[in-house]
S.K.: 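Below is a structure I'd like to ask you about.
As a basis for the values below, the full set of heavy atoms in this structure was taken, side chains included, without hydrogen atoms, waters or symmetry mates.
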Amino acid sequence: MKLLREAVEIESPTYSKPDIDRVARFFAREFRRLRGKVSLLENSTTGAAVIAEFWGKPRAAGSRRHGGKRATTGAQKPILLIGHHDTVWSKGTLARMPFRIRGGRAYGPGILDMKSGIVQAIAAVRVLQTLAIEPASPVRCFLNPEEETGSEAFRREIERESRRSRAVLVLEPAAAGGALKTARKGVGEFRLTVQGRSAHAGIDPASGINAINELARQILKIEKLAQPRRGLTLNVGVVEGGTRPNVVPELARATVDVRIPRAQDRARIENKIFALKAVHPGAQLKVEGGINRPPMERAMTEGLFRMAKTLAGQLGFEVEGAMTGGGSDGNLSAALGIPTLDGLGGVGDGAHAVHEHVIIRGLPRRAALLAALLATI
């Protein structure tokens, strides 16, 4: 709890490089205390990522492999832990949302999403070291400084680390009720820009081309692409246009969020949206964007989930699996064909909300499950 409080009280909004670098150094220090091989990947825009590796050399005398099998760390691909140390909360949020404990819950900005997951990973490594239980593979941890904004700067590095790994465990918070995340929708964003022609709305409206009207027609077309019963959704979340009520607007924009449950949905949605044409012959329509995170499908999570469910039972509790509409860096590893299990972080509620919190009694239990997975995979 002391470590978790320290982490939460280092505010780390994605766009604040000095704060991201500060929290990166904080977690790097904690990894070094566990005798990890640690490096910071500097970035001039987003701040530093953190890479740490444990058990990367032949095992020390006296250590043992869980189950009594001889370790072969030098030859094995590593197990990769993925997390992120940025948050959606702007600098200064801590003043109105301080770290606090109430009713068995710990509150604070970024505590659930996802500093508690990183702290649990540190605890899991520490307990395995204390018990002299060495995983059969090296364990690598990659902390991304810009997951909340799409992982653009470090996407290639995450994919490179994933390809080198034999399993990926994602430290994102659990789903409702503590469920592990066994499927995630793919995520996309499209930006529509309509160029019309301005005119006086009272004197000469016919000479204008109303960009807002044209955009509205395009939005109606986009809505028809949704298949909500099977989880394919499109949400027009931002609309901008016009200057004054008495001016025919010449410019209008919209931003569309897209969630797809299956990889094959990507081509269909992108083709349909990029094929949109202006209804008014004088209007110009520009479409940008695309699906930027592929879905994490159950086929890539089933084996690890069964293992986690068995281990949780041995530890005295149950876990279920759940699909979520949100994306994570686990989408990237799963799409590469790497076995991936998500939602191994804190149990709580309110991610991105003012009541964000973790349930304190769940922290050691989730750390134990993570340690058991590292020792067993």
Side-chain angles (χ1 to χ4, degrees), residues 7 10-31 36-53 78 80-91 93 109-110 113-115 117-118 121 140-165 168-173 184-191 237-238 255-260 266 270 288-296 326-338 340 342 345 351-352:
I10 302 175
E11 294 185 279
S12 52
T14 308
Y15 294 112
S16 178
K17 175 176 163 52
D19 294 301
I20 290 291
D21 287 342
R22 183 181 171 207
V23 78
R25 291 192 297 270
F26 170 80
F27 283 122
R29 181 197 73 191
E30 295 303 317
F31 288 139
K37 181 181 177 182
V38 183
S39 59
L40 293 175
L41 302 183
E42 303 288 345
N43 185 282
S44 60
T45 306
T46 66
V50 183
I51 296 180
E53 183 171 300
L80 180 64
L81 303 177
I82 294 181
H84 66 87
H85 49 292
D86 64 325
T87 77
V88 299
W89 299 102
S90 59
K91 188 72 176 288
T93 299
D113 188 14
M114 56 158 285
K115 290 179 178 178
I118 301 172
R140 286 177 68 82
C141 184
F142 186 93
L143 301 186
N144 178 9
E146 39 115 36
E147 190 273 344
E148 295 291 4
T149 54
S151 307
E152 292 184 8
F154 286 98
R155 179 172 182 143
R156 289 185 180 179
E157 189 67 33
I158 293 167
E159 291 177 337
R160 187 179 301 116
E161 289 285 340
S162 298
R163 287 191 184 97
R164 295 170 177 169
S165 305
V168 175
L169 304 177
V170 186
L171 305 172
E172 289 280 353
R184 283 184 179 272
K185 293 182 184 181
V187 183
E189 182 178 287
F190 294 85
R191 297 171 297 280
V238 178
T255 304
V256 184
D257 176 276
V258 179
R259 307 284 163 145
I260 59 171
R266 177 175 187 166
E270 288 186 338
E288 301 171 288
I291 304 296
N292 52 50
R293 285 186 193 269
M296 182 180 79
S328 82
D329 290 332
N331 291 56
L332 306 180
S333 60
L336 294 171
I338 311 301
T340 300
D342 205 333
H352 301 192

S.K.: Check whether any side-chain heavy atom of E148 lies under 4.5 Å from a side-chain heavy atom of D113, and answer yes or no.
M.R.: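 When only atoms from C-beta onward are counted, D113 and E148 do touch, with a gap below 4.5 Å.
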S.K.: Do NZ/NE/NH1/NH2 and the carboxylate oxygens of E157 and R160 come within less than 4.0 Å?
M.R.: yes
S.K.: Side chains of M114 and E147: closer than 4.5 Å at any heavy-atom pair?
M.R.: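 They are not in contact (no side-chain heavy atoms under 4.5 Å apart), so the answer is no.
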S.K.: Hey, what do you get for CD1 (I82) to CZ (F142), rounding to the nearest 0.5 Å?
M.R.: 8.0 Å
S.K.: Side chains of S328 and R184: any donor to acceptor distance under 3.5 Å?
M.R.: yes
S.K.: Quick one, P109 and T93 - any side-chain contact, counting heavy atoms below 4.5 Å?
M.R.: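 Yes, close enough: below the 4.5 Å cut-off.
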S.K.: Strictly below 4.0 Å, N to O, side chains only: are R25 and D21 in salt-bridge contact?
M.R.: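 So R25 does not pair with D21 through a salt bridge.
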S.K.: Under the ring-ring contact (aromatic ring centres under 6.0 Å, His included) test, which residues partner F26, sequence neighbours left out?
M.R.: none
S.K.: Report the distance from atom CG of L81 to atom CD1 of I118, rounding to the nearest 0.5 Å.
M.R.: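 One finds 10.5 Å between CG of L81 and CD1 of I118.
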S.K.: Without swapping roles, check the side chain of R155 against the backbone of N292 for a donor-acceptor pair under 3.5 Å.
M.R.: yes
S.K.: More than 12 heavy atoms of other residues, nucleotides or ligands under 6.0 Å from CD of E152: is that the case?
M.R.: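 No - once you tally the heavy atoms of other residues, nucleotides and ligands closer than 6.0 Å, there are 12 at most.
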S.K.: Taking only residues two or more places apart in sequence, or in another chain, which ones meet T46 in a side-chain contact (heavy atoms from CB on, under 4.5 Å)?
M.R.: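 For T46 the side-chain contact (heavy atoms from CB on, under 4.5 Å) partners, ignoring immediate neighbours, are N43, P145, E146, A153, F154.
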S.K.: Can you tell me how far apart OG1 (T45) and CD1 (I20) are? Round to the nearest 0.5 Å.
M.R.: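 Spacing of OG1 (T45) from CD1 (I20) equals 12.5 Å.
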S.K.: Do H84 and E172 touch side chain to side chain, with heavy atoms closer than 4.5 Å?
M.R.: yes
S.K.: Taking the side chain as every heavy atom from C-beta outward, state whether E11 and T87 have any pair of such atoms under 4.5 Å apart.
M.R.: no
S.K.: Out of curiosity, R293 CZ to E189 CD, how far, rounded to the nearest 0.5 Å?
M.R.: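 Between atom CZ of R293 and atom CD of E189 there are 12.0 Å.
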S.K.: Give me the atom names and distance for the closest heavy-atom approach of F27 to A7.
M.R.: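 Looks like CZ-CB, 3.8 Å.
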S.K.: Answer yes or no: is there a side-chain heavy-atom contact under 4.5 Å between I291 and V187?
M.R.: no
S.K.: Within the structure provided, determine whether D329 and V170 are in side-chain contact (heavy-atom separation under 4.5 Å).
M.R.: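 Sidechains of V170 and D329: no contact.
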S.K.: Nearest 0.5 Å please: distance from the NZ atom of K115 over to the CG atom of L171.
M.R.: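 If I round to the nearest 0.5 Å, the distance is 14.5 Å.
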S.K.: Could you report the tightest heavy-atom contact between V23 and S12, atom names first, then the distance?
M.R.: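 Reported closest heavy-atom pair: CG1-CB, 3.8 Å.
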S.K.: Count the heavy atoms belonging to other residues, nucleotides or ligands that lie under 6.0 Å from NZ of K37, then report whether that count exceeds 12.
M.R.: no
S.K.: Any idea which heavy atoms bring G330 and D342 closest together, and the distance?
M.R.: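 Smallest heavy-atom distance, with atoms named: CA-OD2, 4.4 Å.
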S.K.: Judged by modelled atom types alone, do T340 and S333 share a side-chain donor-acceptor pair under 3.5 Å?
M.R.: yes
S.K.: Can you name the residues that form a salt bridge (charged side-chain N to carboxylate O under 4.0 Å, His left out) with K91, not counting sequence neighbours?
M.R.: D19
S.K.: Would one find more than 12 heavy atoms of other residues, nucleotides or ligands at under 6.0 Å from atom CZ of R191?
M.R.: yes
S.K.: Using every non-hydrogen atom in the two residues, find where A52 and V38 come nearest and quote the distance to one decimal.
M.R.: CB-CG2, 4.1 Å
S.K.: How about L332 and P294: do any of their side-chain heavy atoms sit closer than 4.5 Å?
M.R.: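 Result yes, sub-4.5 Å side-chain heavy-atom pair found.
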